[in-house]
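What you see below is based on every heavy atom in this structure, not just the backbone, and it leaves out hydrogens, waters and symmetry mates. Chain letters run A, B, ... following the sequence lines, proteins first and then strands; every chain starts at 1. The model shown is predicted, which means the values in this text are computed figures rather than measured ones.
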There are 2 protein chains.
Amino acid sequence: MSIMVCMHSEDIKEELREKGIKNTRAKSLLLHILKNAEAPMDVNNLHAECQKETSVNLVTVYRTLQQFHEKALVEEFMGKDGANQYEYIPEGSIAHPHFQCEKCNKVICLEELGFDDALYFSNRAKHHKINSIHIMLNGVCEECLSLP
Amino acid sequence: MSIMVCMHSEDIKEELREKGIKNTRAKSLLLHILKNAEAPMDVNNLHAECQKETSVNLVTVYRTLQQFHEKALVEEFMGKDGANQYEYIPEGSIAHPHFQCEKCNKVICLEELGFDDALYFSNRAKHHKINSIHIMLNGVCEECLSLP
DNA sequence: TTGTAAATGCAATATATTTGCATTTACATA
DNA sequence: TATGTAAATGCAAATATATTGCATTTACAA
């Protein structure tokens, strides 16, 4: 991971600068982890991942994720377990549904829809201002199904 | 409200009995409120609504909602604000998307989809066991938009 | 009528998240 | 390069939220 952080550091620095965020250890590390994640992560996942690299306070992780979300660097949505999930969405990419396991709380990204969900669903709430749309499937994941 | 509770009491009693739940003040009142609600409600909404009628402990509301969900009397899903939402789904009715306001946290039911969402989305998570699907739109509701 | 399991309320506990504040850090600019 | 300033950080404490334990009450079947 440390090699990766170094390799990508220029991109990360630039992305933080664009958003007016200081390039600190915690900020660049968290953005790096989020950009390379395969699925949304919650505060604890991200905090644990940070610890592999260096010591970062849990409060800092909370505050950084809030900031990233406010500055539209990442998407935020509430998981089935009541913990916010964070996901880096590359410029111009299309939203996709998620699955979250009720046993282990792991979140998995699913294939994107075959149509424009924003248009399709937002017609149903014309009088409100829509900021985000989330499709969440819940149940038991393959791994947990195979447990005793 | 008290008149309504009396009018519907036989239906409610029967429904509780079917699920093996004792017909107590709190249980029948909560089921009544949920069956007559226009939109999903959270623990605090439901507790407040109960107080209009009679005194019910908040812990009892928590425990009752858990039980109703376990016995499949109501649907449970997590709101944007981290509070579980509960909704009574009549036998044979079709799922619908929801909108939740980021300012006041109110949840609104939207028109049902024009296709079978369970089939459509669950194809994307074939290896997992799907228990529920929720489509949630977030933003600012009409009422909050009109505030200063 | 009465035995028993379920339901309830209250207090205490556990957990998650936020806030206050002193200190440190990044970074613009002098 | 030095330095002023606002942002970022860590720690402790506060707050908010949800759960548990336990004694008491209640519904309801036998």
Side-chain angles (χ1 to χ4, degrees), chain A residues 5 9-10 12-34 41-48 50-51 53-71 73-74 76-86 102 105, chain B residues 5 9-10 12-34 41-48 50-51 53-71 73-74 76-86 102 105:
Chain A
V5 170
S9 62
E10 279 312 315
I12 299 277
K13 271 189 191 178
E14 177 56 24
E15 203 156 353
L16 290 172
R17 200 177 303 126
E18 273 172 19
K19 299 284 182 175
I21 299 169
K22 274 193 187 176
N23 173 37
T24 62
R25 201 162 38 87
K27 308 272 182 187
S28 55
L29 179 53
L30 278 165
L31 184 52
H32 171 77
I33 293 169
L34 283 160
M41 296 173 80
D42 67 14
V43 187
N44 293 315
N45 297 153
L46 286 161
H47 184 235
C50 284
Q51 300 314 306
E53 184 75 18
T54 178
S55 169
V56 178
N57 193 284
L58 182 59
V59 175
T60 300
V61 181
Y62 271 106
R63 291 199 265 226
T64 299
L65 293 174
Q66 269 176 0
Q67 184 190 40
F68 283 5
H69 177 238
E70 279 161 14
K71 304 265 170 122
L73 260 177
V74 299
E76 176 195 79
F77 64 91
M78 181 57 70
K80 176 79 178 164
D81 59 338
N84 271 321
Q85 298 284 335
Y86 296 90
E102 289 160 354
N105 290 319
Chain B
V5 170
S9 62
E10 279 311 315
I12 300 275
K13 271 190 189 177
E14 177 56 25
E15 204 157 351
L16 291 172
R17 200 177 302 126
E18 273 170 19
K19 299 284 184 175
I21 299 168
K22 274 194 188 176
N23 174 36
T24 62
R25 201 163 39 88
K27 309 273 180 183
S28 56
L29 179 53
L30 278 165
L31 185 52
H32 172 76
I33 294 168
L34 283 160
M41 297 172 78
D42 68 13
V43 188
N44 294 316
N45 297 154
L46 285 162
H47 184 234
C50 284
Q51 300 313 305
E53 185 75 17
T54 178
S55 167
V56 178
N57 194 284
L58 182 59
V59 176
T60 299
V61 181
Y62 272 108
R63 290 198 266 226
T64 300
L65 293 173
Q66 268 176 1
Q67 183 190 40
F68 282 5
H69 178 238
E70 281 162 12
K71 303 264 169 119
L73 260 177
V74 299
E76 177 196 78
F77 63 91
M78 181 59 68
K80 176 80 178 164
D81 59 339
N84 272 320
Q85 298 284 336
Y86 296 89
E102 289 160 354
N105 290 319

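Looking only at side-chain heavy atoms (C-beta outward), A/Asn84 and A/Val43 stay at 4.5 Å or farther from each other. With a 4.5 Å cut-off on side-chain heavy atoms, A/Tyr86 and A/Asp42 do not count as touching. Under the 4.5 Å side-chain criterion, counting only non-hydrogen atoms from C-beta, B/Tyr62 is not in contact with B/Leu46. Between B/His32 and B/Ser28, the closest side-chain pair of non-hydrogen atoms is not below 4.5 Å. Side-chain contact check for A/Gln66 versus A/His69: every heavy-atom pair is 4.5 Å or farther apart. Between B/Leu73 and B/Leu34 the shortest side-chain heavy-atom distance does not fall below 4.5 Å.
Rounded to a whole Å, the CG atom of A/Leu29 is 14 Å from the P atom of C/dA26. Atom CD of A/Glu18 is separated from atom P of C/dC27 by 14 Å (rounded to the nearest Å). If you take CG of A/Leu65 and C1' of D/dT9, they are 15 Å apart, rounded to a whole angstrom. For the pair A/Asn57 CG and D/dA7 C1', the computed distance is 16 Å after rounding to whole Å. Note: NE2 (A/His47) to P (C/dT15) measures 17 Å, nearest angstrom. The distance from atom CD of A/Glu70 to atom P of C/dT18 is 11 Å, rounded to the nearest whole Å. If you measure from atom CZ of A/Phe68 to atom C1' of D/dA7, you get 13 Å, rounded to the nearest angstrom.
The phosphate of D/dG10 (OP1 or OP2) has a side-chain N or O of A/Thr60 nearer than 4.0 angstrom. Between B/Gln67 and the phosphate of C/dA7, there is a side-chain N or O to OP1/OP2 separation shorter than 4.0 Å. OP1 or OP2 of C/dT18 lies within a sub-4.0 Å distance of a side-chain N or O belonging to A/Gln66. Using a 4.0 Å cut-off, no side-chain N or O of B/Ser55 falls inside it from OP1 or OP2 of C/dT8. Not one side-chain nitrogen or oxygen of A/Lys13 sits closer than 4.0 Å to the OP1 or OP2 atom of C/dA26.
With salt bridges taken as basic N to acidic carboxylate O contacts below 4.0 Å, one links B/Glu76 and A/Lys80.
The side chain of B/Tyr62 sits closest to D/dA18 out of D/dA12, C/dT8, D/dA18.
Residues A/Leu58 and B/Arg63 each lie close to DNA chain D; by heavy-atom proximity, the contact nearer the 5' end of the strand is made by A/Leu58.
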- What does nucleotides 25-30 of chain D look like as a protein-contact string, B for base, S for sugar-phosphate only, - for none, at under 4.0 angstrom between heavy atoms? -BBS--
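Pairing each heavy atom of A/Asn57 with each of A/Val59, the nearest pair is OD1-N, 2.8 Å.
For DNA chain C, no neighbouring residue in residues 76-85 of chain B is found when judged by any heavy atom under 4.0 Å.
Under the rule for a side chain to side chain contact (heavy atoms under 4.5 Å, CB included), the partners of B/Lys71 that lie at least two apart in sequence or sit in another chain are B/Lys19, B/Ile21, B/Gln67.
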